[in-house]
Amino acid sequence: MSLNAVLEGVTGRIIQRSTPTRRRYLDLIARQQDRGVNRPRLACGNLAHAFAAAGYDKQTIRAGSGMNIGIVSAYNDMLSAHQPYSRYPDQMRLFARELGATAQVAGCVPAMCDGVTQGQPGMELSLFSRDTIALSTAVALSHGMFEGAALLGICDKIVPGLLMGALRFGHLPMILVPAGPMGSGLPNKAKQEIRQLFSEGKVGREELLEAEAASYHSPGTCTFYGTANTNQMMMEVMGLHVPGAAFVPPNTKLRQALTREAVHRLVAMGAEGDDYRPLARCIDEKAIVNAAVGLLATGGSTNLAIHLPAIARAAGIIIDWEDLDRLSSAVPLLTRIYPNGTADVNGFHAAGGMGFVIGTLLDEGLLHDDILTVAAGGLHAYAGTPELKDDVLTWGERRVHSGDETILRPATAPFRADGGMRLMQGNLGRGIFKTSAVAPERWTIEAAAAVFDDQEDVLRAFRAGELNRDVIVVVRFQGPAANGMPELHKLTPSLSVLQDRGYRVALVTDGRMSGASGKVPAVIHLTPEALPNGPLAYVQNGDTIRLSAGDGSINVLVDQAEWSARIPATQPEQEDGTGRELFSFMRTGADGAEQGASAMLAAMENRAS
Ligand SMILES: O=C(O)[C@H](O)[C@@H](O)[C@H](O)[C@H](O)COP(=O)(O)O
Ligand code: SF4
C-alpha cells in the first residue's frame, strides 16, 4: 500500500520547515561523533575515576574492548511504574557481559508521579520536571564513558525528558527499556464513579481510599491509557523499544527476556559494528510523524501535544498543532481504552495490542515503514508480538484479527474515521480538544462562562451549588509562565457530576489535563496563556463562549468594542513552597505549549540564532 497522501504531505511540510534547524542539529551530532568526548579521548585520571568501583568489569572497561553501556535510570520505588527498575542494572550488566560488553549506571533522573501530585502544589513542578530530567540525562552522558545508552523510564514527563536530553548525544545508539503495566484492578470507570459519589458527599474518605487502592495496587504502570502508556505506544511506533516490549507485565520471564534483548540490540547497534544506529538517525521527521499518527490512532494523552513538539525540537525538528490536526483528518481511531472506553491496557494488549495497531496502520500506508528502528527488522518487526517458546524469545506471526473489537479495530473498520485530537482556534487562542474521550453530542457547547483563577475555587463553587447550570468553566493563569501549567484533572469528578445532572458543561483553560481525563469536553493548553495578557485574561463571568470540536472553533461572543475596552485580569499572588520558587526561571523562560513549553529549549535556540 502506498503512503497515505496526507501523511506524505505533513511529513514534507515538517521536513521543509525543519531544514535549517535539523541541519544544525545533525552537524552538531557529526562533530560529536568525530571529536566529541569519548573513552579513548579521556585522560588516565578521568578513566581511573570512572572504573574505580567497577569491580568485575574493571579490566574490561579499562581495556576498552567492548561497548560500555550508560544506563540512565528513572528508578524510584514510590512510583509504581518505575519500582520494577530496582534490579535492572544488575541484570543488564550480566546481559552485557554475555557479549563482552559492560554496563554502568551513568546517572539517575527524577521521576515525578503525577498521580501523587495531582491536585497538589507539587503538580506545579510536573511539567518542568521534564526539562530537569533532560538536564540530568545530559549530566549522566556528559562523562563520555559510554558507546551506547539504555534509558529506563516510562511515566509522563520521564520518557520525553530522557529523549530530550539523550538526543543531544544523538551520535550514540540508544534504546528505551520499559517495565510494563500492573495487573488490572478495580476498573477505571468504577473508580471514577466512586470519585463522583465522593465529590457529592455520598461516600466517605475510607470508601474512596479503598477504591483507589484497589485500582492502583502493585508494581507496574497504571493501566489507564494516560500519558505514561501513551509514551509506551510512542516508543513502539518510533521503533525505540524492542518490538512489543511496551505492555508485557513486569517481573515475568518474558519481561526479563525483553530486557536482555534490549541490551544485546544496543551492543549490536554500536559504531564499532556494521549496523551503527545512532539515536539522531532513529529520531528523524518520519519517526516524529509516526509518533503523531500513533497518538491520534490510539486516542493518546493530550500531554503529548506538548511533549512531542519538545522532543522533536531537541532533534532539530519543528512540528505544530496544525500538523496534528491535518494528520487527524486521515488517521482513524482504532482503540477504546479508558478514558476513551472501559478497557485498560492489559485488555488492549491481550486483544492484539501495539503489534496489531502497527500492522494495520502499515497496511493502510499510515506509518512510515522506512524509519531506522532499534530492531534489526525495521518497523514491520513491530507488527509481531513477543513470546517465549522453549525459553527462547520469538515474535509470533502478526495477528490479522483483533482479539476484541470493542477495544481494538483495524484501520479498515475503525471506531472513528478521524483521530482522537482536534486543534481548536478562535479569539480565545489555540488549544487542544481530545475528541476520543468525549461523546460526539457534547462536542459543541455554547454557554455562559464562570471564570476562576484557581482550581480550588472551582471546587468551592461546585460544593456551594453555584455551577448547577449549563456552564463553561474557565480556569486561567494555569499556563507555563503563570504556575508551571499543572494538570487540572482533580476537576473531572465534579464537572462529570454536573454533566450527569444533565447540564451542558465544558472546561476551558490554558492549563493541562491528565491523559486519564475524559468524559467532559475540555479545550486545554490555550495559547497564548492568560499571563500577562492572553485572551483568557479578558474573559468575564457571564460572557458567552461557543466551542465546537466539529469545526475546531472556540470564541467568546462579546461585542468587539466592549472587548477592546477591557483591561486584562491580573494573576493572583502565587504561593512559594514545595520547591515551586526554585522553578521561577523555568516559568520566566518557558515558551508556549505549542512549542513544547520549555525554557531549556527556548534558551538553547535563542543562543544558537
Ligand atoms: O497524564 C496522565 O496520564 C496523568 O498525569 C497520570 O499520570 C496521573 O497520574 C493521573 O492523575 C492519574 O490518574 P488519577 O489521578 O485519576 O488517579
Ligand atoms: S501512570 Fe501516572 S499515576 Fe501511574 S505511576 Fe505513572 S505517573 Fe504515577
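Just follow the structure's listing: the first ligand is 1, and inside any ligand the first atom is 1.
Although no hydrogens or angles enter the test, the distance criterion places a donor-acceptor pair under 3.5 Å between the side chain of Arg255 and the main chain of Ala179. When atom types are taken as modelled, the side chain of Tyr225 and the backbone of Gly299 share no donor-acceptor pair closer than 3.5 angstrom.
Taking OG of Ser436 as the reference point, atom CG of Asp418 lies at 9.5 Å (rounded to 0.5 Å). Considering CD of Glu581 and CG of Asp576, their distance stands at 4.5 Å, rounded to 0.5 Å.
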For this session: Show the numbers, then the answer: is there a side-chain contact (heavy atoms from CB on, under 4.5 Å) between Thr117 and Leu125?
Result: CA-CA 9 Å; Thr117 59; Leu125 278 61; over 6 Å; no
For this session: Verify side-chain contact (heavy atoms from CB on, under 4.5 Å) between Asn188 and Thr223, making sure each step is shown before the conclusion.
Result: CA-CA 8 Å; Asn188 290 293; Thr223 62; 3.8 Å; yes
Problem set entry | Met233 and Thr230: CA distance, side-chain angles, deciding distance, side-chain contact (heavy atoms from CB on, under 4.5 Å) verdict | CA-CA 5 Å; Met233 171 284 299; Thr230 303; 3.8 Å; yes
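Atoms of ligand 1 lying under 4.0 Å from any heavy atom of Gly226, numbered from 1 in the order shown and given with element: 3 (O). Atoms of ligand 1 found under 4.0 Å from any heavy atom of Ser514 (numbered from 1 in listed order, with element): 1 (O), 2 (C), 3 (O), 4 (C), 6 (C), 10 (C). Less than 4.0 angstrom separates some heavy atom of Thr227 from each of these atoms of ligand 1: 1 (O), 2 (C), 3 (O). Counting the atoms of ligand 1 from 1 in the order shown, those under 4.0 Å from a heavy atom of Asn303 are 1 (O). In summary, the atoms of ligand 1 found under 4.0 Å from a heavy atom of His489, numbered by their order in the structure, are 11 (O), 13 (O), 14 (P), 15 (O), 16 (O).
Scanning Tyr225, Tyr338, Tyr216 for the heavy atom closest to atom 13 (O) of ligand 1 points to Tyr216.
Between Met174 and Val72, every side-chain heavy-atom pair lies at or beyond the 4.5 Å cut-off. The shortest distance between side-chain heavy atoms of Pro339 and Lys434 falls below 4.5 Å.
Between Met513 and ligand 1, a contact under 3.5 Å exists for no N or O pair.
Using a 4.0 Å cut-off between charged side-chain N and carboxylate O, Asp454 and Arg460 make no salt bridge. With respect to Asp591 and Arg313, a salt bridge is recorded, a charged nitrogen being found less than 4.0 Å from a carboxylate O.
Looking at atom 16 (O) of ligand 1, its nearest protein heavy atom turns out to be Arg195 NH1, 2.5 Å. The protein non-hydrogen atom at the shortest distance from atom 9 (O) of ligand 1 is Gly115 N, 2.8 Å. Nearest protein heavy-atom contact of atom 7 (O) of ligand 1 is Asp156 OD2, 3.0 Å. The protein non-hydrogen atom at the shortest distance from atom 11 (O) of ligand 1 is Gln118 NE2, 2.8 Å. Nearest non-hydrogen protein atom to atom 12 (C) of ligand 1 is Phe224 CZ, 3.4 Å.
Gln232 pairs in a side-chain contact (heavy atoms from CB on, under 4.5 Å) with only one of the listed residues (Val159, Leu176, Thr227), which is Val159.
Around atom 8 (Fe) of ligand 2, the protein contributes the following N, O or S atoms at distances under 2.8 Å: Cys113 SG.
Only side-chain heavy atoms of Glu487 come within less than 4.0 Å of ligand 1; its backbone N, CA, C and O stay farther off.
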